[in-house]
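One structure is given here, and the rest of the page talks about it.
Owing to the predicted nature of the structure, the values given are computational and were not obtained by experimental measurement. Letters A, B, ... mirror the listed sequences (proteins, then strands); counts begin at 1.
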Number of protein chains: 2
Amino acid sequence: MTTDTPRKQQIEDAASTLFRERGYAATSVRDIAHALDMQGGSLYAHVASKEDVLWAIVVRAADRFNAEVGPIAASDRTAARKLRKMIRAHVAVVTSAQKDAAVFLDEWRFLSPERRATIAARRDDYEGLFRKAIAQGVGSGEFGRIDSAQTAIVILSALNGIASWYSPDGNLTAAQIADQHADLFIRALTWAKPTDEGEDP
Amino acid sequence: MTTDTPRKQQIEDAASTLFRERGYAATSVRDIAHALDMQGGSLYAHVASKEDVLWAIVVRAADRFNAEVGPIAASDRTAARKLRKMIRAHVAVVTSAQKDAAVFLDEWRFLSPERRATIAARRDDYEGLFRKAIAQGVGSGEFGRIDSAQTAIVILSALNGIASWYSPDGNLTAAQIADQHADLFIRALTWAKPTDEGEDP
DNA sequence: CCTACCGATCGGTAGG
DNA sequence: CCTACCGATCGGTAGG
């Protein structure tokens, strides 16, 4: 009954690295164990199955996206400002928890059907946050008459793509990447008018 | 010395379906063989290795992108029109050769290091076609002063994402999806002026 | 293209 | 957390 077992987190971290590098199916339980200087079977003192490890990684990534973006989506703001902040928050998660995000995005299909369905539903809800923010802007006249559902998909596809090419050593900081994306998409939605300005923190 | 062995194509088609559904690593040689009503080992009468099958799929997908988009990129057009046509062509490949495109995009990391390097180089060249088209528009003043390299990545991320959500049974046709993307991105690049119009076929 | 097989490795468990 | 092991499955081959 201690606060939390750090060993389990170490396992998830090591697994996250390997799942991202080699993919879930091509990573063996022994690979994960050896990364932590354990014997293959010893991992099962801490986890019940390989899939449970993937599940833990996927859930903690999903939780982070929701924790960062959810409050902004629920806040009272202009659609353009809200969307800009949501994009920034999403990119911040992708870049700061890059491994987990990449595993979440690429490897969730290896979950059991039940768990996959749970994640599919969560992803759809999350996408809904973007749909609603866009629809708000269409309704208020801030944005042009675009298809909010399709636009949400386009934006999230581009933002999620960052997980597969971003490098902390690149020429652009995570914040710059976020702003570039926000600029580009807000521009695309608010055409024929100047982009809204006057940032809030 | 016949024209072409169709059995090999059948193998690649079946493998493309399975690699897309389950991923390369989680698809066994027996899975592929059984999809063609063969015994596991019999596949090796036609192919030398599982990786060779993946390689064939990846190469034919890459070839298609180049064949469709390359000539447009090399053509003499306004940057906006050129980019619009390139986006359309890219989306056409993604949607018409969806399985191959998805395998190409998601599973190429399971290739041997040498082959992976070859594909990485080809992908960079291909991305260069978009970079150059964008840079052309920046140079001519058609587009605003944006980072062509980053913008090319953003556009291709979104376009490639289509491979993972497009369904021929969806509400939108492939052509509509292509136009939506072209509209959105051209708008984002040509801000503060009306989008260029007057389509060529 | 099949049958029958190879060594290697897989996820997971027992028993300590 | 280790040793030692389980049955199952893997990619690939021999020999026809």
Looking at B/Asp124 and B/Arg131, does any basic side-chain N land under 4.0 Å from a carboxylate oxygen?
-> yes
Looking only at C/dC2, D/dC2, C/dG12, the nucleotide nearest the A/Met38 side chain is D/dC2
Take atom CD of B/Gln39 and atom P of D/dT9, then tell me their distance rounded to the nearest Å.
-> 15 Å
Ionic contact status for A/Asp100 with A/Arg60, cut-off 4.0 Å | yes
Re D/dG16: Watson-Crick or G-U wobble partner, both distances kept under 3.5 Å, found to be C/dC1
If you check the B/Ser28 side chain, which of C/dG11, D/dG12, D/dG11 turns out closest?
-> D/dG11
Between C/dC1, C/dG11, D/dG11, which one does the side chain of A/Lys50 approach most closely?
-> C/dG11
Interatomic distance, B/Asp52 CG vs D/dG11 P [rounded to whole Å] = 14 Å
Presence of salt bridge, B/Asp76 and B/Lys82, under 4.0 angstrom | no
Look at the side chain of B/Tyr44 and decide which nucleotide, out of D/dG11, C/dC1, D/dC1, has an atom nearest to it.
-> D/dG11
Remember a base hit wins even if backbone is also touched, and classify A/Gly41 as base, sugar-phosphate or nothing at under 4.0 Å, heavy atoms.
-> base
Rounded to the nearest Å, what distance is computed from the CD1 atom of residue B/Ile11 to the P atom of nucleotide D/dG12?
-> 13 Å
If pairing means Watson-Crick or G-U wobble with both distances under 3.5 Å, then the partner of C/dG11 is D/dC6
Between D/dC10 (P) and B/Tyr24 (OH): distance, integer Å = 13 Å
Protein-nucleotide distance (B/Phe110, atom CZ; D/dG11, atom P), rounded to Å = 13 Å
Taken to the nearest whole Å, NE2/A/His34 to P/D/dT3 is 10 Å
Give a yes/no verdict on a cation-pi contact between B/Arg122 and B/Trp108, requiring under 6.0 Å between NZ or CZ and the six-membered ring centre and an angle within 45° of the axis.
-> no
Would you mind reading off the distance between B/Arg22 atom CZ and D/dT9 atom P, rounded to a whole angstrom?
-> 13 Å
How many Å lie between CD on B/Glu51 and P on D/dC10, as a whole number?
-> 18 Å
Salt bridge present between A/Asp31 and A/Arg22 (N-O < 4.0 angstrom) | yes
So which nucleotide from D/dC1, C/dT3, D/dG11 ends up closest to the side chain of B/Arg30?
-> D/dG11
